[in-house]
Amino acid sequence: MTWIRRSGLLAVVTAGALTLGASAADAATGTVNTSGTALSVRSGAGTGYGTVGSVADGAGVTISCQTRGTTVTGTYGTSGVWDKITSPVGYVSDAYVYTGSDGTVAPPCVQTLTDDYPYKADSSSQADPWNFYKRECVSFAAWRVRQRLGVDLTNAYRGVHWGNAINWDNAALAAGVRVDHTAKVGAVAQWNTGTYGHVAYVARVNGDGTILLEEYNYLSAHNYDTRTVSASSVGNFLHF
């Protein structure tokens with residue numbers, strides 16, 4: 001994506017890291033399905049963490065947030081997504097939890113606003129490990145989804161070519177990813193304007209109808225910024 005500046009939007013740029021808290025209102029529910037055995041609840045998002053309890057097969061759980069952790073193969077396939085549950089407080093592999101969705105259902109556990117993108121000093125003519133050009137909006141959005149949600153988004157996710165940001169809504173629909181006009185923390189905001197379109201990561205949803213975005217290659221060519229915009233100004237929201 002080339003750098004495109006759009007007018008009429010309020011920009012907010014952060015100088016350091018800012019941590020945002022997940023809202024209890026965004027919590028989701030699920031049902032443990034292990035085919036009989038109790039599911040271990042761990043102190044962190046991975047099989048290497050100690051157990052802090054267990055949840056019986058068939059029990060309901062409240063998921064306060066989701067994050068990336070050890071890849072586990074379970075009842076619902078192979079997944080790197082871990083669910084933080086409220087009782088007992090800890091993490092369980094999403095591969096054993098029925099949530100009614102193929103994607104994430106709760107906000108990301110990590111919501112720090114910071115430019116921790118690992119390729120910010122690299123050339124934008126180089127491809128990142130998931131086959132987007134580094135320091136483009138698509139590379140940062142894909143990386144943020146991978147890092148925060150545990151979804152292995154690549155340029156060939158679910159057998160679909162994602163390409164430029166302007167194609168992401170069509171690619172998402174083809175890949176079975178929900179596309180709508182409802183803002184949610186962890187979603188990708190997508191626009192079809194300009195030659196290449198634009199995508200950004202939704203870091204916060206405010207009560208006044210605005211959202212806080214994290215992105216690359218928007219206010220400054222191939223660099224990081226944050227800004228607050230009206231949710232209604234976004235073309236689509238993609239929910240991984």
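Keep in mind it's a predicted model, so treat the numbers as computed, not measured. All values below were derived from every heavy atom in this structure, side-chain atoms included, with hydrogens, water molecules and symmetry-related copies excluded.
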Peer 1: So with a 6.0 Å cut-off around OH of Y119, is the heavy-atom count from everything else above 12?
Peer 2: yes

Peer 1: Indicate yes or no: at least one non-hydrogen side-chain atom of N236 is less than 4.5 angstrom from one of H181.
Peer 2: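 In short, these two side chains touch, coming nearer than 4.5 Å.
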
Peer 1: Who are the side-chain contact (heavy atoms from CB on, under 4.5 Å) partners of A106, not counting sequence neighbours?
Peer 2: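 Result, side-chain contact (heavy atoms from CB on, under 4.5 Å) vs A106: A28, I63, Q66.
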
Peer 1: Do you know the tightest heavy-atom contact between A172 and V179?
Peer 2: CB-CG2, 3.5 Å

Peer 1: Between D180 and T182, is there a donor-acceptor pair closer than 3.5 Å when you use the side chain of the first and the backbone of the second?
Peer 2: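 Indeed, once roles are kept as given, a pair shorter than 3.5 Å links the two residues.
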
Peer 1: Nearest 0.5 Å please: distance from the SG atom of C137 over to the CD atom of E215.
Peer 2: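 Atom-to-atom, C137:SG and E215:CD are 8.5 Å apart.
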
Peer 1: Classify the side-chain pair D115/Y216 by whether it contains a donor and acceptor separated by less than 3.5 Å.
Peer 2: yes

Peer 1: Relative to each other, are the rings of F140 and Y224 parallel, tilted or perpendicular (30° and 60° limits)?
Peer 2: perpendicular

Peer 1: Any donor-acceptor pair under 3.5 Å linking the side chain of N164 with the backbone of N167?
Peer 2: no

Peer 1: Could you tell me if S232 and S230 have a donor-acceptor pair between their side chains, going purely by distance under 3.5 Å?
Peer 2: yes

Peer 1: Working to the nearest 0.5 angstrom, can you tell me the gap between C65 SG and I85 CD1?
Peer 2: 11.0 Å

Peer 1: Centroid-to-centroid, F132 to W168, below 6.0 Å?
Peer 2: yes

Peer 1: Do L153 and W162 touch side chain to side chain, with heavy atoms closer than 4.5 Å?
Peer 2: yes

Peer 1: Taking atom types as modelled and ignoring hydrogens, do the side chains of T114 and D116 form a donor-acceptor contact shorter than 3.5 angstrom?
Peer 2: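 Side chains of T114 and D116: no pair found under 3.5 Å.
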
Peer 1: Indicate yes or no: at least one non-hydrogen side-chain atom of D225 is less than 4.5 angstrom from one of S220.
Peer 2: no

Peer 1: Please report the shortest heavy-atom distance between T112 and R144, naming the atom on each side.
Peer 2: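 Result for this residue pair: O-NH2, 4.1 Å.
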
Peer 1: Write down the atom of S233, the atom of W191, and the distance for their closest heavy-atom approach.
Peer 2: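 Looks like O-NE1, 3.0 Å.
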
Peer 1: Kindly give the heavy-atom pair with the smallest separation between Y117 and S139, and that separation in Å.
Peer 2: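 What the structure gives for the nearest pair is OH-OG, 2.6 Å.
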
Peer 1: So, does K184 use its side chain to make a donor-acceptor pair with the main chain of V105 at under 3.5 Å?
Peer 2: yes

Peer 1: Does N155 have any side-chain hydrogen bond (donor to acceptor under 3.5 Å, both in side chains) partners at least two apart in sequence or in another chain, and if so, which?
Peer 2: none

Peer 1: Measuring from T37:OG1 to D57:CG, what's the distance to the nearest 0.5 Å?
Peer 2: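 So the OG1 of T37 and the CG of D57 are separated by 7.0 Å.
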
Peer 1: Starting from the C-alpha separation in whole Å, work towards a yes-or-no answer on side-chain contact (heavy atoms from CB on, under 4.5 Å) for V41 and L39.
Peer 2: CA-CA 6 Å; V41 181; L39 180 62; 6.0 Å; no

Peer 1: Say you draw a straight line from CZ of R146 to OG1 of T154; how long is it, rounded to the nearest 0.5 Å?
Peer 2: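 OG1 of T154 is found 7.0 Å from CZ of R146.
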
Peer 1: Distance-only, no hydrogens or angles: does the T75 side chain make a donor-acceptor pair with backbone N or O of N33 under 3.5 Å?
Peer 2: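 Side chain of T75 to backbone of N33: a pair is present.
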
Peer 1: Are L238 and W130 linked, directly or through other ILVMFWY residues, by side chains that come within less than 4.5 angstrom of each other?
Peer 2: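 Yes, because L238 and W130 connect within a single hydrophobic cluster, where side-chain heavy atoms sit under 4.5 Å apart.
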
Peer 1: Given side chains that start at C-beta, do those of V97 and T31 come closer than 4.5 Å, heavy atoms only?
Peer 2: no

Peer 1: Is atom OH of Y76 surrounded by more than 12 heavy atoms (other residues, nucleotides or ligands) closer than 6.0 Å?
Peer 2: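 Counting other residues, nucleotides and ligands, OH of Y76 exceeds 12 neighbours.
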
Peer 1: Please confirm whether the backbone N or O of V229 pairs with a side-chain atom of T210, one donor and one acceptor, at under 3.5 Å?
Peer 2: no

Peer 1: If Ile, Leu, Val, Met, Phe, Trp and Tyr residues are connected whenever their side-chain heavy atoms lie under 4.5 Å apart, and connections chain through other members, are V72 and V55 in the same group?
Peer 2: yes

Peer 1: Applying a strict under-4.5 Å side-chain criterion to I, L, V, M, F, W and Y, I'd like to know whether V81 and V61 cluster together.
Peer 2: no

Peer 1: Using the side-chain contact (heavy atoms from CB on, under 4.5 Å) rule, take V202 and L213 through it: C-alpha gap first, then chi angles, then the decisive distance, then the call.
Peer 2: CA-CA 5 Å; V202 179; L213 302 175; 4.0 Å; yes

Peer 1: Please name the pair of heavy atoms, one in S43 and one in V52, separated by the smallest distance, quoted to 0.1 Å.
Peer 2: CB-CG1, 3.9 Å

Peer 1: Show your working on side-chain contact (heavy atoms from CB on, under 4.5 Å) between T78 and T71 and close with a plain yes or no.
Peer 2: CA-CA 7 Å; T78 300; T71 298; 3.2 Å; yes

Peer 1: Would you say Y49 and Y91 are hydrophobically clustered, going by side-chain heavy atoms of ILVMFWY under 4.5 Å?
Peer 2: no

Peer 1: Could you tell me the separation between the OG atom of S125 and the NE2 atom of H222, rounded to the nearest 0.5 Å?
Peer 2: 9.0 Å

Peer 1: So, N192 and Q190: side-chain donor and acceptor under 3.5 Å apart, yes or no?
Peer 2: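 Q190 and N192 do have a side-chain donor-acceptor pair below 3.5 Å.
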
Peer 1: With no hydrogens and no angle check, do the side chains of N217 and R135 hold a donor and an acceptor under 3.5 Å apart?
Peer 2: no

Peer 1: Is the closest side-chain heavy-atom distance between V138 and Y196 below 4.5 Å?
Peer 2: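 They are not in side-chain contact.
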
Peer 1: What about the rings of Y96 and W82, do their centers lie closer together than 6.0 Å?
Peer 2: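 No, the ring of Y96 stays outside the 6.0 Å limit from the ring of W82, centre to centre.
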
Peer 1: Determine whether V151 and F240 satisfy the following criterion, side-chain contact (heavy atoms from CB on, under 4.5 Å), listing intermediate values before the conclusion.
Peer 2: CA-CA 7 Å; V151 175; F240 293 91; 4.3 Å; yes

Peer 1: Give a yes or no on whether V92 and L149 share a hydrophobic cluster (residues Ile, Leu, Val, Met, Phe, Trp, Tyr; joining criterion: side-chain heavy atoms under 4.5 Å apart).
Peer 2: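 The answer is no; the residues belong to distinct hydrophobic clusters.
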
Peer 1: Taking NZ, NE, NH1 and NH2 as the nitrogens, is one of them in E214 or R227 under 4.0 Å from a carboxylate oxygen of the other?
Peer 2: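 Here E214 does not pair with R227 in a salt bridge, since their nearest N and O are not under 4.0 Å apart.
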
Peer 1: Is the closest basic N to carboxylate O distance between R68 and D94 below 4.0 Å?
Peer 2: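 Judged by the 4.0 Å cut-off on N to carboxylate O distance, R68 and D94 do not form a salt bridge.
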
Peer 1: Minimum heavy-atom separation for K134 and A127, please, with both atom names.
Peer 2: CE-O, 3.3 Å

Peer 1: Other residues, nucleotides and ligands only: do more than 12 of their heavy atoms fall within 6.0 Å of CZ on F237?
Peer 2: yes

Peer 1: Could you point out which residue of V188, V199, D152 forms a side chain to side chain contact (heavy atoms under 4.5 Å, CB included) with V145?
Peer 2: V188

Peer 1: Nearest 0.5 Å please: distance from the OH atom of Y133 over to the OG atom of S123.
Peer 2: 10.0 Å

Peer 1: Regarding K120 and D122, does a basic nitrogen lie under 4.0 Å from an acidic carboxylate oxygen?
Peer 2: no

